[in-house]
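Values below: every heavy atom of this structure, side chains too, minus hydrogens, waters and symmetry copies. This one's a predicted model, so the numbers in the text were calculated from it and none came from an experiment.
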Amino acid sequence: MNYSNISDLLALRVADAPDKTFLISEADGREWGYSAFREAIGKTAGLLVSRGVLKGDVVSLLLPNSAEYVIAYFACWQIGAVAGPVNSLLKAEEIEWVVNNSEAKLMLTSAEWFEKVPERLRTADAFVSFDDVHVAAGECRANMEPPDINADDEAIIIYTSGTTGKPKGCLLTHGNVLANARQIAKWMGFGPQDRLLTVMPLFHMNAVSVTTMAALYAGGSTVVAPKFSASRFWETIEKYQVTSFGSVATMLSILLSEPATGAASIPAFRSLRFAMCGSAPVPPQV
């Protein structure tokens with residue numbers, strides 16, 4: 001099925017299974033069903049609109065891996081804004097270059113990274129701390145009439161690593177994001193029964209496409225972890241009945257070198273179907 005934009009796909013999931021769990025925060029156990037997820041998106045989208053964000057504007061996202069990060073992406077997409085994920089590992093001056101180069105109108109961040117927010121965005125209208133976003137968003141309209149958004153409209157501007165010069169902003173449309181989600185979901189055989197774990201950083205397209213958008217496309221669910229933790233990994237797999245996760249080879253090597261401890265970890269393998277690995281060659285022995 002072809003969708004005009006990402007919000008159309010979410011609307012179908014809400015219509016089909018409004019109470020089915022879609023998003024889980026591994027850090028604190030909070031859960032959102034498809035309908036509750038869309039409501040949270042609407043409130044955050046209302047907040048963006050109240051700050052003057054319009055279709056085509058870039059919103060920089062400087063956030064830790066969290067449910068709020070996922071909500072922020074979708075809030076941008078609902079109003080036709082372009083999500084601009086920022087690598088939180090960059091230095092302040094590097095972040096400033098990326099944000100200025102993308103011509104971001106507003107930044108969503110959290111208190112822990114306030115010192116990295118570029119000076120020009122430290123104003124009441126251009127900076128939002130997501131620590132208080134749900135309080136602020138409660139005053140905004142959750143059911144706004146979305147603008148006309150089609151598959152060719154831009155959804156994300158994501159920057160290269162900049163190893164050979166200044167990072168370059170790569171633009172992805174709603175059609176790009178949806179096509180990638182469809183391809184991954186079909187290649188991997190994902191369905192409504194699948195629950196994917198996001199341990200890769202959400203400022204990277206791996207986490208966005210492989211374990212977030214592919215889960216949505218399949219009608220499944222996703223668990224967002226703050227970061228990869230070998231000591232907690234199997235406990236998380238078991239607790240949330242994860243069926244697959246995205247990784248890099250180093251993560252798999254660490255898991256192999258630190259065997260799961262305790263009998264409680266054994267059932268984890270009953271839900272887990274396979275791991276996905278990318279970004280670098282995987283040694284055959286791994």
When the ring planes of Y69 and Y73 are compared, do they come out parallel, tilted or perpendicular, using 30° and 60° as the limits? parallel
E235 CD to E238 CD distance, which is reported to the nearest 0.5 Å: 8.0 Å
Could you tell me whether the side chain of D194 and the main chain of G191 form a donor-acceptor pair under 3.5 Å? yes
Are V286 and V199 connected, step by step, through hydrophobic side chains (Ile, Leu, Val, Met, Phe, Trp, Tyr) whose heavy atoms are closer than 4.5 Å? yes
A side-chain contact here means heavy atoms from C-beta on lying under 4.5 Å apart; do L255 and F228 qualify? yes
So N87 and E94, side-chain contact (heavy atoms from CB on, under 4.5 Å) or not? Walk me through it. CA-CA 9 Å; N87 185 340; E94 295 171 322; over 6 Å; no
Ignoring hydrogens, what is the shortest heavy-atom contact between P226 and E26? Give both atom names and the distance. CD-OE1, 3.2 Å
Lys/Arg N to Asp/Glu carboxylate O, K55 vs D148, below 4.0 Å: no
Which of these, V128, L62, V86, sits in a side chain to side chain contact (heavy atoms under 4.5 Å, CB included) with L108? V128
Within 6.0 angstrom of D28 CG, more than 12 heavy atoms from elsewhere: yes
Under 4.5 Å between any side-chain heavy atoms of N176 and T173, yes or no? yes
Show the numbers, then the answer: is there a side-chain contact (heavy atoms from CB on, under 4.5 Å) between D16 and R13? CA-CA 5 Å; D16 287 345; R13 295 290 169 259; 3.9 Å; yes
Determine whether a donor-acceptor pair (N or O, by modelled atom type, separation under 3.5 Å) exists between the side chain of T243 and the backbone of L272. no
Counting only heavy atoms not in E103, do more than 12 fall under 6.0 Å of its CD? no
Could you tell me the separation between the CG atom of L196 and the OG atom of S221, rounded to the nearest 0.5 Å? 7.0 Å
How are the rings of F22 and F37 set relative to one another: parallel (under 30°), tilted (30 to 60°) or perpendicular (over 60°)? tilted
Using atom types as modelled and distance alone, determine if a side-chain donor or acceptor of N101 lies under 3.5 Å from a backbone N or O of W97. no
For the student: nearest non-hydrogen atoms of I156 and V177, plus distance: CD1-CG2, 4.1 Å
If we only count heavy atoms from C-beta on, is the L10 to I41 side-chain gap below 4.5 Å? yes
Measure the spacing between OG1 of T236 and CD of Q241 and express it to the nearest 0.5 Å. 12.0 Å
Side chain to side chain donor-acceptor pair (under 3.5 Å) between S244 and R273, worked out: CA-CA 6 Å; S244 187; R273 294 171 55 205; over 6 Å; no
Hey, any chance M213 and L23 share a hydrophobic cluster, counting ILVMFWY side chains that come within less than 4.5 Å of each other, even indirectly? yes
Check whether any side-chain heavy atom of L197 sits under 4.5 Å from a side-chain heavy atom of I237, and report yes or no. yes
Can you name the nearest heavy-atom pair linking G52 to K105, along with the distance? O-NZ, 2.6 Å
Heavy-atom pair of closest approach, residues T211 and T222: O-OG1, 2.8 Å
Might you work through the side-chain contact (heavy atoms from CB on, under 4.5 Å) test for T160 and C170, ending with a clear yes or no? CA-CA 7 Å; T160 62; C170 302; 3.8 Å; yes
Check whether any side-chain N or O of S66 sits under 3.5 Å from a backbone N or O of P64 as a donor-acceptor pair, and report yes or no. yes
With a 4.5 Å limit on heavy-atom distance, are the side chains of Y159 and S102 in contact? yes
Determine, using the 4.5 Å side-chain heavy-atom cutoff (strictly less than), whether L256 and M251 are members of one ILVMFWY cluster. yes
Do K43 and I71 have side chains that get closer than 4.5 Å, going by heavy atoms? no
Test item: I24 and R195 side chains (from C-beta on) under 4.5 Å apart, heavy atoms: yes
Hey, what do you get for CG (L90) to CD1 (I95), rounding to the nearest 0.5 Å? 5.5 Å
What pair of heavy atoms forms the shortest contact from M107 to P118, and how long is it? CE-CD, 4.0 Å
If every non-hydrogen atom of A83 is compared with every non-hydrogen atom of P85, which pair is closest and at what distance? O-CD, 3.3 Å
Would you find more than 12 non-hydrogen atoms of other residues, nucleotides or ligands less than 6.0 Å from K168 atom NZ? yes
Check for a donor-acceptor pair, side chain of N65 on one end and backbone N or O of L202 on the other, with a separation under 3.5 Å. yes
Does the side-chain contact (heavy atoms from CB on, under 4.5 Å) test come out yes or no for F274 and M188, once each step is laid out? CA-CA 9 Å; F274 54 81; M188 299 294 112; 3.8 Å; yes
Taken to the nearest 0.5 Å, the spacing of I6 CD1 from I149 CD1 works out to 9.0 Å
Do I79 and L9 land in one hydrophobic cluster if side-chain heavy atoms of ILVMFWY residues count as linked below 4.5 Å? yes
Nearest-0.5 Å distance that lies between atom CG in D8 and atom CH2 in W77: 13.5 Å
Applying a strict under-4.5 Å side-chain criterion to I, L, V, M, F, W and Y, I'd like to know whether L216 and L12 cluster together. yes
Side-chain contact test, heavy atoms from C-beta onward, threshold under 4.5 Å: evaluate it for S209 versus I184 and give yes or no. yes
